[in-house]
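So the structure is just underneath, and the comments pick up after that.
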Amino acid sequence: MTSQDGIMQELHEDDVPLTVPDSGDAGEGGKLKMIVQLVKKCLGVKDIAAMRLSLPASLLEPIPNLEFSHYLDRPDIFAAVNDYEDAFDRMLAVIRFTATKDLKYIRGKVCKPYNSVLGEHFRTHWDVPPVVHPIDSDEPPVVQTFVTAPTASGLAPPEFTHGMPSDAASIKSSKSTRSSKSFMSGLTPKSPSTAATSPQQLADGDVSAQMSQLNLGESADGKLRVVYLTEQISHHPPISAYYAVCPSRSVEMLGVDQISAKVSGTTLKVAPGSFNKGMFVNITGGHGEGERYQVTHPVASVNGILRGSFYITVSDTTIITCTGGRHGHKFRTIIEYKEESWLGKPHFLLEGVIHTVFEGDTQHEEWTRIKHVPHSRVAAVFDGSWRGLIRWKRVGPGSYPATTSSAASSPNPSHIALPSASNRSYGAASKADLTGPSTEYNTLIDLSTLWVVPKQVRPLEKQLPTESRKLWEGVTSRLLKKEFSEATREKVVIEQRQRDEAAERKKKGVSFVPQYFEEDISSGVSKLTEEGRKAVEEELQEGEEEDEDQEQTEVKTPRA
């Protein structure tokens, strides 16, 4: 996005927004009436996300959009992408990360966070124990935090309780603690004592004979730090840029967020906007150095609007493309989300294939469905539920790990010939046509066992005025107290301030310049500015000084 584009976008920012009047009834009946009014106003609108729309605060959840809409619900699984020597195993790891990126929609209710304002930013970090890898590489990694026993069916999440933190932890921070929990940390299992693979159980049990260990530069306490930074860089249309990194595992994630939404019947369909090219996962060192994985977004639908009981279904496809890294063939993944029937219970099913891509060959760019992929190019298949168990199976030679090291190609099995680019057959009608009896299915990931890992955020007194929690503090505190009219007034003040600032820029003939990300987002890949790199570095160091002071205090304090 150029400066000229920014000015053109801001010409609309002083327009009067479309509003939905507050019914004055904070109960479910009042909310449902407002939702019906909203749906009526949006009928026939090509892109709701681009509308100037202002909702009553009573329809919003007390969490800023930049904090809510990220893809690191499981930062430990993100950090594990580069743990594998074999390129095929790294692709499986990226699929696992893709499956967990929106775990909040499985564990929590569908909600509407605050609309981000121009220049708003959010930063956070996680300190997570690394996953533990079984010796059998076909088995999934064992996560060590926020995990429970699998459900009986494996296709639905276990029961959970959902509630706002009683101490308003989503916005308030105590001076005695350096981090505050997010809204999503209110999602907790009913019976945490039933956790099957808690860190304590893994530590107490004898796992050395079953697990391989990694030592890739984690902190002294064995945990990995993952940092996330995002900024709203455009308001009309709403666009944000984001960046995440786990330096000790040489993996980073970056991209541009923009959605397009429209009402179709009684369903709200949400698709990627024109600037949104998907997530980009870069490997900057280690096993997969130089690789980039582009992960496109599918289409999501919010259902149950008129009943006031929202749930999400997913359709279309996600395509994961690997480029860069070592010379030789690469892997590409197609995930198809199954269309749900209008009648009956949704099953949230998916199926997919992993296929080989040869250097210099571009025919795969036309393969957007499983049926397009020739049999000879398929390395593995998988299926299951994006809310529960996903399994996978090898069906092609390209999926087997290398038996001899080779700098020219990874992997390059010596015991079997790889399919050649000229060796093609007709595509499969579905994934089922690609499966064979030679191998058994393995678990890729069981989402029914995983929970959202809470974020660690600096206290409000350490935040800048444009940071999400600080900016929306007044609205959030009043929503938590159920003071909806006061919350709406606070929200209107913030929105009016944004319009005033846009009008002032227009008067001066200048455009908004993001602080943490560069303006050019035409490629869909975000780029940090010097200030952005500084903010990431600060977040990587956050809390270390306090930890050192605490250690020194413990040393100096005589024991009784």
Side-chain angles (χ1 to χ4, degrees), residues 19-20 22-23 25-39 48-49 53-73 102-117 120 122 124 160-173 180-188 230 232 238 240 257 259 261 268 270 300-305 307-312 451-455 457 460 467-492 494-495:
T19 60
V20 177
D22 196 329
S23 66
D25 181 1
E28 294 302 319
K31 290 184 178 181
L32 184 57
K33 290 179 182 178
M34 287 187 284
I35 291 171
V36 171
Q37 290 182 19
L38 175 61
V39 171
I48 299 172
L53 183 64
S54 180
L55 298 179
S58 57
L59 288 181
L60 305 176
E61 289 293 336
I63 184 170
N65 179 63
L66 291 184
E67 176 176 353
F68 182 76
S69 300
H70 64 84
Y71 303 112
L72 289 171
D73 288 339
D102 290 316
L103 191 62
K104 63 175 68 67
Y105 294 117
I106 302 174
R107 290 311 196 192
K109 65 179 181 179
V110 180
C111 70
K112 176 66 178 75
Y114 315 139
N115 287 336
S116 306
V117 301
E120 176 185 345
F122 176 73
T124 186
F160 62 93
T161 55
H162 174 228
M164 290 302 303
S166 59
D167 60 350
S170 62
I171 56 104
K172 294 184 178 180
S173 303
S180 58
K181 294 184 178 180
S182 71
F183 160 75
M184 296 308 295
S185 65
L187 306 181
T188 55
T230 182
Q232 191 75 8
S240 61
D257 252 344
I259 63 170
L268 176 65
V270 181
S301 297
V302 180
N303 306 272
I305 293 177
R307 297 194 306 271
S309 178
F310 307 129
Y311 67 95
I312 287 179
W451 297 84
V452 175
V453 179
K455 296 177 287 291
V457 183
L460 289 176
E467 288 193 60
S468 292
R469 290 191 180 183
K470 186 78 169 181
L471 178 68
W472 295 98
E473 177 187 5
V475 178
T476 303
S477 62
R478 284 162 176 77
L479 282 181
L480 293 174
K481 297 175 184 177
K482 300 188 182 302
E483 299 172 350
F484 298 114
S485 297
E486 291 80 359
T488 299
R489 281 194 285 270
E490 290 276 354
K491 175 176 172 289
V492 169
I494 295 173
E495 294 171 340

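These numbers were taken from a predicted model, which means no experiment stands behind them.
- Using a 4.5 Å heavy-atom threshold, the side chains of T230 and H70 count as separate.
- Shown here for S477 and G474, the closest heavy-atom pair between the two residues is OG-O, 3.0 Å.
- Of the inter-residue distances, the one linking F310 atom CZ with S301 atom OG reads 14.0 Å to the nearest 0.5 angstrom.
- In this structure, R478 CZ and E473 CD are separated by 9.0 Å, a value rounded to the nearest 0.5 Å.
- Between E61 and F68 there is no side-chain heavy-atom pair separated by less than 4.5 Å.
- Minimum interatomic distance between L60 and L479 (heavy atoms only, all atoms of both residues): O-CD1, 4.0 Å.
- Shown here are the salt bridge (Lys or Arg N to Asp or Glu O under 4.0 Å) partners of E486, two or more places apart in sequence or in another chain: R489.
- Side-chain polar atoms of Y105 and D73 form no donor-acceptor pair below 3.5 angstrom.
- By the ring-ring contact (aromatic ring centres under 6.0 Å, His included) test, F122 is found to be paired with no residue, residues two or more places apart in sequence or in another chain being considered.
- We find the CG-NZ distance between L72 and K455 to be 9.5 Å, quoted to the nearest 0.5 Å.
- When atom types are taken as modelled, the side chain of K104 and the backbone of S69 share no donor-acceptor pair closer than 3.5 angstrom.
- None of V117, L66, N115 except one satisfies the side chain to side chain contact (heavy atoms under 4.5 Å, CB included) rule with Q232; the exception is L66.
- Considering only heavy atoms from C-beta on, Y71 comes within 4.5 Å of D102 through its side chain.
- Scanning all heavy atoms of the two residues, the minimum distance from P113 to C111 falls at CD-O, 3.4 Å.
- Between the side chains of Y114 and T476, a donor-acceptor pair is found at a separation under 3.5 Å.
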